[in-house]
Amino acid sequence: MIAGFPLAFGAPAILFGLLALPVIWWLLRLTPPRPQAEPFAPLAILARVLKPEETPSRSPWWLTALRLLIAALVILALAEPVLNPRDRALSSDGPLALIIDNGWASAPDWEARVDAADMLIGEAGDLDVPVSIVFTAERRPDATPGSFERAREQLRAAKPRPLKPMRDSAVTALIAALGETRPGTIAYLSDGVDTEDASAALSRLAALEPAAVRIIGADGATALVLSNADNGADALTVAVNRLETGTADRYRLSARDSQGREIATGDVAFAVTETSATGTISAPFEIRNDIARLDVVGIDTAGSARLLDDSFRRRRVALISGEASDIAQPLLSPLYYINRALSPYADLIEADSADMSEAVPKLLGQAPAVIVMADIGVLPDDVGQPLNEWIERGGTLIRFAGPRLAAAPSDDTLTPVLLRKGERELGGAMSWIEPQPLAAYPPTGPFAGLPAPRDVTVSRQVLAEPSADLAERTWASLADGTPLVTAADRGAGRIVLFHVTAEAGWSNLPISGHFVDMLRRVVQLSRAVSGGGEAGSGILPPWRLLDANGALLPASGDARPLDLTAGAVAQVSADNPPGLYGAEDGFVALNLFAPGDTLSPVAIPEFEVPVTRAPVAGDSTVDFRPWLFGAALIALIADTIIMLVLNGAFRRRAFKPAAAAVLFALGVSMALLAAPGPALAQDTQPGDADVLESLDRTRLAYVITGDDDTDATSQSGLDSLSAYLASRTALEPGSAMGVDIETDQLAFYPLIYWPMDDSTPLPSPAAISRIDAYMKSGGTVLFDTRDEIVDLSGGSSQMTLRLQQILASLDIPPLEPVPADHVLTKSFYLLDTFPGRYSDGPLWVEATPQTDNPAERPARSGDGVSSILITGNDMAAAWALDEQGFPMFSTVPADPWQREYAFRAGVNIVMYMLTGNYKADQVHIPALLERLGQ
């Protein structure tokens with residue numbers, strides 16, 4: 001290998017052949033021997049007349065250099081150059097001990113790890129040493145030494161597991177399999193992520209005293225995990241951990257429902273030196289309640305996915321009342337409205353005893369997420385401590401006021417705020433003039449977004465003592481500012497107090513639909529307490545399991561049921577891989593990483609022998625031999641062609657006429673293709689495809705002015721008019737076409753709409769001539785000055801002046817406003833005006849010759865259709881509709897019927913263009929009937 005450069009030669013001795021290049025140069029430049037010639041008498045005369053062909057005595061220098069290059073390429077190819085050669089450092093003193101991490105972190109680059117291991121096994125086969133291969137994430141690792149063929153079969157059968165590596169058990173299996181045999185080389189393909197047993201396991205490897213050690217892929221810098229998810233009051237927060245990389249990164253978080261659909265997103269950002277960060281997914285709590293899993297977009301591992309179980313959504317709620325239930329009057333029961341409000345959204349359990357010392361412990365034994373206490377004042381001493389511990393672990397206590405709570409001591413620790421003794425009621429010492437309604441909810445509280453009901457009033461409540469933190473603990477208040485709902489966090493849980501009763505005695509809130517929304521939001525903010533829920537205890541069968549790439553698959557036969565009896569804590573293992581345990585109607589999510597887990601890089605201990613480190617890059621070696629031989633072959637072919645050209649092989653072969661004709665045609669075609677676009681468009685007619693596209697249906701056209709807004713209005717207006725024609729008449733026009741009067745074929749369109757625009761240059765004389773020929777051939781141009789012109793000769797605006805400049809170069813007949821009996825007024829609709837966006841300007845047409853006898857009127861070209869129409873009413877703007885069918889411009893004046901009449905005017909103009917003066921021919925009906933009568 002060349003020092004400082006990853007290039008090596010398999011046969012470096014052949015490079016000495018490069019020293020022969022000067023000799024080859026001399027041989028190629030040597031004068032060839034003169035050929036022997038036999039004289040032929042008849043050629044003597046020709047020899048004096050014709051100049052004989054001459055063969056150069058020396059080859060050109062560039063041809064000689066090409067041949068030297070061919071020789072050098074062949075010599076270099078025979079020397080077997082290799083880029084990034086593999087380090088063949090395996091020891092032949094003993095078997096190869098190959099340890100491969102196949103845990104969750106190896107999933108992204110598993111194929112590269114397989115390639116790296118396969119190269120090591122191939123080298124062991126070349127050295128004829130046995131191979132002991134062991135994987136660290138298998139339930140029963142097998143490290144029995146065998147042939148390299150068997151090792152390759154084991155490698156092909158292996159796959160990454162959704163588990164943390166169990167390195168200690170893998171090393172134990174390796175030591176037991178090797179026995180007293182000293183390994184030649186220990187090769188460790190690491191995923192780079194530390195585990196609890198990694199240090200001890202690798203230290204035991206060092207005690208095996210191998211002859212060589214190779215560590216491959218010990219960086220693992222791309223490992224990233226979701227260690228926790230917390231559904232807070234305002235958003236879902238996700239704890240994310242990574243190995244330190246020294247770069248600032250940002251990742252996208254994806255939240256999916258049980259059907260795999262993405263319903264919310266968020267992101268998490270890491271600073272340069274941070275290994276832990278918190279991501280946020282902001283969404284309404286109803287959407288957050290449907291989240292079934294979280295993923296890091298772009299990183300597909302079992303660690304970057306976090307499953308959420310039933311406890312994330314549905315809660316178990318325990319109900320306790322301070323009053324005895326009256327079956328005869330259920331509507332007066334404090335728990336009646338709570339039960340009706342929560343039963344569709346939660347699993348409800350009620351105390352079966354009035355003795356709090358008996359009822360509360362029994363309810364806590366069922367591990368509810370929420371406990372609702374309605375008008376309970378003083379709790380027994382033996383109940384307060386377990387209830388406080390339950391709240392500290394994550395439980396939510398919801399209390400409702402009542403006479404008992406109002407009379408309770410003010411030092412009650414199970415209230416979120418300090419309460420005044422007694423209550424405030426309508427008509428009392430501290431009363432209101434009238435019952436108080438609810439105020440708007442704080443924008444950052446859990447009730448944010450709910451409209452404050454106007455029909456809910458409060459006539460009696462318990463009051464909170466003023467304090468510095470009362471405002472931030474208030475979730476809802478009355479119009480006078482007194483708290484209605486207060487809350488305070490206690491450990492992982494919280495206490496929520498409604499300052500009114502749970503029945504309609506103090507307020508009509510419990511009998512309103514708003515009460516359901518408030519209770520549901522409070523319950524949804526609660527947390528699942530360990531061991532709770534139908535699927536939160538017992539022995540749960542595996543239902544859906546994660547693979548190493550984070551895909552959720554049906555449970556396999558290897559997984560065992562999850563034992564959660566007697567309050568056992570679920571942990572991931574080979575028997576219980578991460579996934580969902582239970583059934584579709586109730587399950588527990590088992591994730592690879594528990595809350596608080598972090599990532600750290602694996603530490604490689606010191607070995608007494610040299611340690612070779614390499615990244616997991618697969619087979620990155622590049623053999624240059626095929627490329628060099630291929631280049632030599634190409635150069636040799638080039639040399640052959642050059643020799644044929646120099647010897648005149650192509651010059652002596654005459655072209656046949658057919659071949660010459662083909663080459664001539666090809667040259668002409670290439671010349672036409674190389675010609676610039678405008679010139680080709682001017683000198684050639686449109687092709688068959690263009691003609692067929694224009695003739696497939698009737699299309700209206702507009703002149704492209706070059707102003708984007710004007711052209712867009714013309715396009716939208718004519719398209720809308722075409723749609724109107726299709727809905728009202730038998731005509732189904734195609735989409736409107738923009739035409740360039742300088743180059744485009746105009747004969748395909750019966751009507752061309754030309755809006756005046758003073759910001760564009762005047763058309764060229766050639767374009768004016770094309771328009772004139774189009775009009776004389778039966779086409780019609782609708783000029784629109786868009787300025788409400790009344791008199792064409794007035795010159796009242798720049799648009800009118802521009803129209804006069806154009807008309808001055810055209811051969812147009814006399815014009816007149818549309819007469820009352822003109823065909824345009826009755827070609828489809830009966831009209832007496834032709835408005836557009838404006839309604840004041842007239843529509844000018846070709847003047848009709850005056851005659852006393854209409855039957856003897858002179859014949860006109862185009863079936864009596866006027867070749868020119870002029871208006872100033874901005875018709876395209878009146879026709880223009882957007883994609884939703886709404887007008888793009890308002891009419892002046894703002895009359896909705898004006899737009900309808902503008903469309904009808906457009907229909908009459910198009911029908912007039914297409915049908916001619918057939919309706920004017922009705923004047924001949926009396927004469928025809930008289931002739932038929934004869």
TODO: Show your reasoning for whether salt bridge (charged side-chain N to carboxylate O under 4.0 Å, His left out) applies to Arg252 and Glu262.
DONE: CA-CA 12 Å; Arg252 180 171 172 265; Glu262 186 177 80; 2.9 Å; yes
- [ ] Kindly determine whether Asp295 and Arg293 satisfy salt bridge (charged side-chain N to carboxylate O under 4.0 Å, His left out), including the steps that lead there.
- [x] CA-CA 7 Å; Asp295 294 281; Arg293 66 176 291 167; 2.6 Å; yes
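For the ring pair (Phe, Tyr, Trp, His ring centres under 6.0 Å) condition, no pair includes a residue of residues 700-723, sequence neighbours left out.
Counting non-hydrogen atoms of other residues, nucleotides and ligands closer than 6.0 Å to CD of Glu883 gives a total of 12 or fewer.
Under 4.0 Å is where a charged nitrogen must lie from a carboxylate oxygen, and between Asp772 and Lys776 at least one such pair does. Residues Arg250 and Asp267 are paired through a salt bridge, judged by an N-O separation under 4.0 Å between the basic side chain and the carboxylate.
Taking Asp757 as the reference, nothing meets the salt bridge (Lys or Arg N to Asp or Glu O under 4.0 Å) condition, with sequence neighbours excluded. Annotation: salt bridge (Lys or Arg N to Asp or Glu O under 4.0 Å) contacts of Arg899 (sequence neighbours excluded): none. Residues meeting the side-chain hydrogen bond (donor to acceptor under 3.5 Å, both in side chains) test with Asp709, sequence neighbours left out: none. Contacts of Asp707 classified as salt bridge (Lys or Arg N to Asp or Glu O under 4.0 Å), with partners at least two apart in sequence or in another chain: none. Take Asp300 and apply the salt bridge (Lys or Arg N to Asp or Glu O under 4.0 Å) test, not counting sequence neighbours, and it matches no residue.
A donor and an acceptor atom, one from each side chain of Ser304 and Thr301, are located under 3.5 Å apart.
Between Ile281 and Leu253, the shortest heavy-atom distance links the atoms CD1-CB, 4.2 Å.
No option in Thr710, Asp711, Thr760 other than Asp711 meets the side chain to side chain donor-acceptor pair (under 3.5 Å) test with Thr705.
Taking the six-membered ring where tryptophan is involved, the planes of Tyr441 and His514 are essentially parallel, since the angle between them stays under 30° and well short of 60°.
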